[in-house]
Structure formats: C-alpha cells, structure tokens
Amino acid sequence: AIIGMAGRFPGAGTVEAFWRNLREGVESITRFSPEELEHLPSLPEGFELWYHPAFVPAAGVLDDVEGFDHAFFDMSLREAQFTDPQQRLFLQTAWAALEDAGVNPDRYPGAISLYAGAAASGYAEAVRQAMPLDAASFFELNGTGTHESLPTKASFKLGLTGESTLLYTACSTGLVAVHLACQSLRCGRASPTWRSRGLRGCRCRSARATWRRRGSSSPRMGTAARSTPRPRARCPGTAWARWCSSGWRTRCGMGTPST
C-alpha cells in the first residue's frame, strides 16, 4: 500500500497541483529566448548545440530550485553549495513524503529502506570549470557534487537505517525502483520503503539541448502536457523535462507507522 507521496514537477510544486494541471490541460513546457540558453559544461568552448538547425529551445523546468534551507538538513553553507542540486531537491521531496506518510524516522522502530533513481546532471563538471579547487575541495565535490551518493546521503540526513540503493535503467527506472521496494517488503528486509525517480538536471529556466532525430525531441512534436499516447513506431520523439517524485510504501495490513 502507498502511504505517502510528494513531488515537484514543471508548473506544479505538489502532487495535487500536478494532478490538477493534468485534469485542466495546463501547459507546463517553457520556451526559451536565445539569452536564456546556457552552455553545456561537457561541450568545448565555442560549440553550442543550439547551432543545430533543428534545435528546440523548450523544456519542462522546475520553479524555485535555488530555495534550500541547508541548516534544516544539518548542512553547512559550504556543503550545500558543493552538493548537486539534484541531491538538495531529493532531500526536500523526501522530507515532504515522510510528512505526508506520517512517518518520523527518529521514533519508528523498524528499518526504512530507500531506492532512488538519478542520472548525472553535469553540476560537478560545471563547478570544476567555474572555480579553482584545492585537494580538499576536489574531494568534497566528488563526494557531494554528483548523483552517485544521492540515496546514501539522503538516508544519513533523514536517519533511515534500511537499504539505500541507487539505480538507473533509463526509462524503466521508476518501475524497477517500485519492484525492488516491493521485494524488500515481501522479504521482510524493511518496513516502509521509499522509491523515488525523476531527477534530471535541476537547473532553473535553462534548456537542455535537443535536436530532431529518431528517438529524440522533434520540432513537430506537441507539448508533453497536451500530447496523447501514440504507438511507438509513430512517435516522433521525446520531450525532456525535470521532475522529482517520492512515495512511501508499506505492506497491506501494517498500517501507517506511529509517530
């Protein structure tokens, strides 16, 4: 049974707002002017993907990505600045999901597991190119400036003592995370489990480079909020977006843990 949910989506700061946008057909794709486009750190200077004639300056982006209370999560300002924005957003969404589930990790007697999916955001590369780093800073950046420590750091900050697993299987990541969470519950390795998926480059009002080709974004494609499912062979492409969702699961009959 799902006992708690939280999420941040383009044009919606909560799961309820996201569902309302879907019902009402609200447009959630942002179009960018040339001045708003950002250089991708992985590309050499002087080369930009928007030079491609079929580049699409549009994406789904999150609002208020910069807002983060580092003291609330027992982080120094320096640690928060070095931390991948994906990790910061992940912590906020995780806390909201815990509250929605009525779970207090400090008072819950069982083990709470976490299964998270995320991909590289390029944040560490951007920091390395933007500022000189001494040996200590380089070590700290590699530990917090990537997605690799996302689940274990969240477990540490939130006091979760069950399994803490990072996974990535492309578009099936969310389903695989749910599968692993259910298996953990069935095997008795954890009481409630948390699965999260959808972290993709949490940059505010910046376009991820996309161009028309088979299997990628197409200028002919409708926006994600209004498009309808079509057979795979006829689908012209995929519109990238940034989002984050979390959900707490428990075995049926266990009820909501006491807080």
Side-chain angles (χ1 to χ4, degrees), residues 1-9 13-16 18-19 62 67-76 79-80 83-119 121 143-169 172-200 202 243-259:
I2 299 174
I3 61 173
M5 296 178 63
R8 296 270 300 278
F9 310 89
T14 65
V15 174
E16 293 77 16
F18 178 63
W19 180 242
L62 298 178
F68 181 73
D69 187 352
H70 62 90
F72 181 81
F73 292 103
D74 194 27
M75 282 190 185
S76 66
E79 181 183 3
T83 299
D84 187 337
Q86 294 188 104
Q87 292 201 30
R88 299 199 292 262
L89 178 62
F90 190 83
L91 277 171
Q92 291 172 313
T93 309
W95 182 267
L98 280 169
E99 286 195 325
D100 189 61
V103 175
N104 184 345
D106 292 335
R107 300 176 61 182
Y108 184 71
I112 300 176
S113 294
L114 182 154
Y115 301 88
S121 67
T144 64
T146 71
H147 68 292
E148 296 170 356
S149 62
L150 184 146
T152 49
K153 186 168 186 175
S155 293
F156 174 75
K157 293 293 185 181
L158 299 177
L160 311 182
T161 58
E163 297 177 350
S164 186
T165 305
L166 176 69
L167 60 133
Y168 182 74
T169 59
S172 63
T173 300
L175 292 176
V176 175
V178 170
H179 168 73
L180 292 178
C182 291
Q183 289 298 312
S184 179
L185 289 172
R186 295 183 64 184
C187 295
R189 293 195 299 266
S191 300
T193 60
W194 168 34
R195 51 78 52 197
S196 181
R197 168 70 180 115
L199 297 168
R200 297 192 64 87
C202 305
W243 56 279
C244 178
S245 65
S246 300
W248 287 100
R249 301 175 65 88
T250 188
R251 284 182 292 176
C252 292
M254 290 182 63
T256 302
S258 172
T259 57

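Heavy-atom basis, side chains included; hydrogens, waters and symmetry copies ignored. All residue numbers refer to positions in the sequence shown, counting from 1.
Counting only distance, with no hydrogens or angles, the side chain of Gln92 and the backbone of Gly67 share a donor-acceptor pair below 3.5 Å. Under the 3.5 Å distance criterion, the side-chain polar atoms of Ser164 are matched with a main-chain donor or acceptor of Pro151. Judged by distance alone, the side chain of Glu99 and the main-chain N or O of Asn104 form no donor-acceptor pair under 3.5 Å. In terms of modelled atom types and a separation under 3.5 Å, the side chain of Thr169 and the main chain of Thr173 share a donor-acceptor contact. Judged purely by atom type and a 3.5 angstrom limit, Asp100 uses its side chain to pair as donor or acceptor with the backbone of Met5.
To the nearest 0.5 angstrom, Ser184 atom OG is 11.5 Å from Ile112 atom CD1. The distance from the CD atom of Gln87 to the OG1 atom of Thr146 is 6.5 Å, given to the nearest 0.5 Å. Between Phe90 atom CZ and Lys157 atom NZ the span is 14.5 Å, to the nearest 0.5 Å. With values rounded to the nearest 0.5 angstrom, Ser113 atom OG is found 10.5 Å from Leu180 atom CG. Expressed to the nearest 0.5 Å, how far CG of Leu166 lies from CG of Leu114 amounts to 9.5 Å. A distance of 10.0 Å separates CG in Leu89 from CG in Asp84, rounded to the nearest 0.5 Å.
Looking at every heavy atom in both residues, Ala118 comes nearest to Gln86 through CB-OE1, 4.4 Å. The minimum heavy-atom distance linking Phe68 with Met75 is given by the pair CE2-SD, 3.8 Å. Between Val15 and Ala6, the shortest heavy-atom contact is CG2-C, 3.6 Å. Shortest non-hydrogen contact noted between Pro105 and Leu98 is CG-CD1, 3.9 Å.
In this pair, Phe18 and Phe9 present their aromatic rings parallel. The plane angle is below 30°, not in the 30 to 60° band.
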Q: May I have the step-by-step check of side chain to side chain contact (heavy atoms under 4.5 Å, CB included) for Tyr168 and His147, ending in yes or no?
A: CA-CA 11 Å; Tyr168 182 74; His147 68 292; over 6 Å; no
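Note on Arg88 versus Glu79: no salt bridge recorded, every NZ/NE/NH1/NH2 to OD/OE distance being 4.0 Å or above.
Two residues are said to be in side-chain contact when any heavy atoms from C-beta on lie closer than 4.5 Å; His70 and Thr83 fail this criterion.
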